[in-house]
Amino acid sequence: MKQFLYGIVFTILAAAIGFVAAAHFGYIPVNADSKPSRIEGLAAGIARHSYVSANAPKGNNPLPINDETLLAGMKIYTATCGECHGGLDRKPSAFGEALYPPAPNLINDPVDDDPEGETFFVTKHGIRLTGMPAWTGLMSDDDIWRVTAFLKRMPDLPPAVKAQWKAVSGTDAPSKDEKH
C-alpha cells in the first residue's frame, strides 16, 4: 500500500513538473487565436461556474423592475456592453468575436435563465483571461443592476421598452418564442 501511495505522489509531481517545463519552454500556447485544449476549456468552465455561483449575491434584484429601470438598463447596455456582446440591431460584434474566448452575443442568446446575482457578479468583477473587464469603479452597483434587470427580462420586455428598442435599432427585441 505504501508503494502505491508513493506512486500516486510521484505521478502527481511528475505531471506538475512536466506542466511547468512545458510552460517554461513555450509549448503551451497563450495566443487568443488558438483553440484551447479540452482540459483547459473544461477546467476554466468549471472554475468560472463554481466561483461565480459561490460568490454571487443571492436573492432578487434590489431595484424596482419597471419601464424606467429596464430602459435605463437598455441604454447602459448599448453604451457599454454592445461593442463586445452585440448591439440592439441583433448583429454580432466583430470585436466580441475576436476575443478569446469569444464574447457571447447577449442579444441573440440572452442570459434570462441565469440567476440575476450571477450576471451582476460577472459584470461587476469581470472574468479573468477572457476580455470581460471588471466594471467596479467604472459603473455604479445600481447601474450594473439596471443592466442585469434588462438582460434577465430581455425576451419578455414590456411594450414601452420594446417600442424604444425598435425606435433605436430598427429591429424587434428578442421574444420568448425564439430559440436560444
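- At a threshold of 4.5 Å between non-hydrogen side-chain atoms, the residues Trp145 and Thr69 do not count as touching.
- Atom CG of Leu71 and atom CZ of Arg146 lie 12.0 Å apart (nearest 0.5 Å).
- Summarising the geometry, atom SG belonging to Cys81 is positioned 7.5 Å from atom CG belonging to Leu106; distances are rounded to the nearest 0.5 Å.
- Considering only heavy atoms from C-beta on, Ser93 stays 4.5 Å or farther from His85 through its side chain.
- Of the inter-residue distances, the one linking Thr11 atom OG1 with Tyr6 atom OH reads 14.5 Å to the nearest 0.5 angstrom.
- Side chains of Val147 and Phe120 form no contact here, defined as non-hydrogen atoms less than 4.5 Å apart.
- Few gaps surround CD on Glu40; more than 12 heavy atoms of other groups in view lie less than 6.0 Å from it.
- One distance of note links OH of Tyr77 with OG1 of Thr123; it measures 10.5 Å at 0.5 Å rounding.
- Leu42 and Phe19 are not part of a single hydrophobic cluster, where members link through side-chain heavy atoms under 4.5 Å apart.
- To the nearest 0.5 Å, the span separating CG on Asn55 from NZ on Lys58 amounts to 7.5 Å.
- Using a 4.5 Å cut-off on side-chain heavy atoms (C-beta onward), Met74 and Phe150 make contact.
- Criterion: ILVMFWY side-chain heavy atoms under 4.5 Å apart, direct or through other members. Under it, Ile127 and Leu129 are not part of a common hydrophobic cluster.
- Under 3.5 Å, the side chains of Ser53 and Glu118 contain a donor-acceptor pair of N or O atoms.
- Of all non-hydrogen atoms in Asn108 and Arg90, the two that sit nearest each other are ND2-O, 2.9 Å.
- Tyr100 and Phe95 are not part of a single hydrophobic cluster, where members link through side-chain heavy atoms under 4.5 Å apart.
- Ion pairing between a basic and an acidic side chain is recognised when a charged N comes within 4.0 Å of a carboxylate O; Lys162 and Asp172 show no such pairing.
- With a 4.5 Å cut-off on side-chain heavy atoms, Asn105 and Pro92 count as touching.
- Using a 4.5 Å heavy-atom threshold, the side chains of Thr171 and Lys166 count as separate.
- A 4.5 Å side-chain heavy-atom check between Trp135 and Ser140 finds every atom pair outside the cut-off.
- The distance from atom CD1 of Ile144 to atom OG1 of Thr119, rounded to the nearest 0.5 Å, is 11.5 Å.
- Between Gly86 and Ile107 the shortest heavy-atom distance is O-CG1, 3.4 Å.
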Please report the C-alpha distance between Tyr51 and Phe121 in whole Å, then the side-chain angles of each, then the deciding distance to 0.1 Å, and finally whether the side-chain contact (heavy atoms from CB on, under 4.5 Å) criterion is met.
CA-CA 10 Å; Tyr51 187 80; Phe121 185 86; 3.7 Å; yes
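- A side-chain donor-acceptor contact under 3.5 Å links Lys152 to the backbone of Asp114.
- Side chains of Thr130 and Pro101 form a contact here, defined as non-hydrogen atoms less than 4.5 Å apart.
- Ion pairing of Arg153 with Asp156 is absent here, as no side-chain N (NZ or NE/NH1/NH2) approaches a carboxylate O to less than 4.0 Å.
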Residue pair Met154, Asp112: steps toward the side-chain contact (heavy atoms from CB on, under 4.5 Å) verdict
CA-CA 7 Å; Met154 194 172 14; Asp112 57 317; over 6 Å; no
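- The number of heavy atoms from other shown groups lying within 6.0 Å of CD1 (Ile8) is above 12.
- Between Asp89 and Ser169, the shortest heavy-atom distance links the atoms N-CB, 3.8 Å.
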